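First comes the structure, then the notes that go with it.
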Amino acid sequence: MSTKVSTPEMKSLHFQPRKPATSTGDKVVGAVSHTALTIWTLIVILPLLWTFMSSFKTSSEIFASPFSLPAEWKLDNYIKAWSEAGIGSAFLNSVIVVAVALVIVMVLGAMCAYVLARYTFPGSRAIYYLMLAGLTFPIFLAMVPLFFVLKNMGLLNTLPGLILVYVGFALPFTVFFLFSFFKSLPHEITEAAALDGAGEWRTFFQVMLPMAKPGLASVAIFNFLGLWNQFLIPVSINAAGPRVLSQELAAFAGQMGYAVDYGALFAAVSVTVIPVLIVYVIFQRQLQGSVSQGTSK
């Protein structure tokens, strides 16, 4: 009869986790990927930092020493861009237009995606494929029809008309993005809500919509970026109306001619970029959560 001798050395040897073997190819791939990410980060961050730093300089300082720090950190360029160039009123118009359009498109897009994903009725697939077709349609081809449609409705060169076009522009992407989120939610939850006496509206707003919060946050960020930076639509259908930020920024750069005040221009660009960075920093956790949730399913 044999007895097993257990020593602390044998226990530590037995329970010691095995380190995964790293081959030379893995090291090369890791080094190349990290190098590429570092280069890409520098390409993205350095121009933003240079623009922000130049917004505190005068034009003579920018040309004399473009990469040096400002002699004085003053807000004169921001005051000039905000008041004299009309960036302040255009910023307010952009906030109103994008905020209202974003709320409308998120509510309508979530409701449409939920119905198409959870219910089967005649024509449901056709509606979904028409939404997908809207993603492939170039927006500049719709400018002339949109111009006459808004003119006949009395909404040409108005902020409500611009909001309406923004909603139609962002709706197909919103439905396409949220369709997979609502499709993946278990049907048992809907049945449990129905057994508890919840109707269709209560089930959607109080049960299903909170479960799709990561997808809602992600598509809201993408829609915000697309609508905030939109230039073709405002120029085409809002040329004579209250200007949004992208329009005013282009007009500010063009009206200077050859006597460009680069410090004020960089300040106006910073005013345009900073809200986008703030929104991304606030909602980056929701964006990362939606990506990880999508990859795990």
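As the structure is a computational prediction, the values presented were derived from the model and not from experiment.
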Ignoring hydrogens and geometry, is there a side-chain-to-backbone donor-acceptor pair from [X] to [Y] under 3.5 Å?
X: Ser83; Y: Ile79; answer: yes
X: Thr174; Y: Met106; answer: no
X: Lys57; Y: Ser65; answer: yes
X: Trp228; Y: Leu245; answer: no
X: Ser236; Y: Ile233; answer: no
X: Trp50; Y: Pro66; answer: yes
X: Gln206; Y: Ala198; answer: no

Beyond-backbone contact of [X] with [Y], side-chain heavy atoms, under 4.5 angstrom:
X: Gln247; Y: Val235; value: yes
X: Phe52; Y: Leu48; value: no
X: Ile127; Y: Phe121; value: yes

| query | Do Phe173 and Phe169 have ring centres separated by under 6.0 Å? | reply |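 Phe173 vs Phe169: aromatic centres not under 6.0 Å.
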| message | So, taking the atom named CD1 in Ile221 and the one named CG in Leu216, what distance separates them when rounded to the nearest 0.5 Å? | response |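 It comes to 11.5 Å.
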| query | Hey, what do you get for OG1 (Thr190) to OH (Tyr114), rounding to the nearest 0.5 Å? | reply |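 Atom-to-atom, Thr190:OG1 and Tyr114:OH are 4.5 Å apart.
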| task | Determine the interplanar angle of the Phe266 and Tyr262 rings, folded into 0 to 90°, and report it as parallel if under 30°, tilted if 30 to 60°, perpendicular if over 60°. | result | tilted
Tell me the closest heavy-atom pair linking [X] and [Y], and the distance in Å.
X: Ala117; Y: Phe182; result: CB-CB, 3.9 Å
X: Pro242; Y: Leu159; result: O-CD2, 3.9 Å
X: Ala220; Y: Leu102; result: O-CD1, 3.9 Å

| task | Quick one: list whatever passes side chain to side chain donor-acceptor pair (under 3.5 Å) with Tyr78, sequence neighbours left out. | result |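 By the side chain to side chain donor-acceptor pair (under 3.5 Å) rule, Tyr78 matches Ser55.
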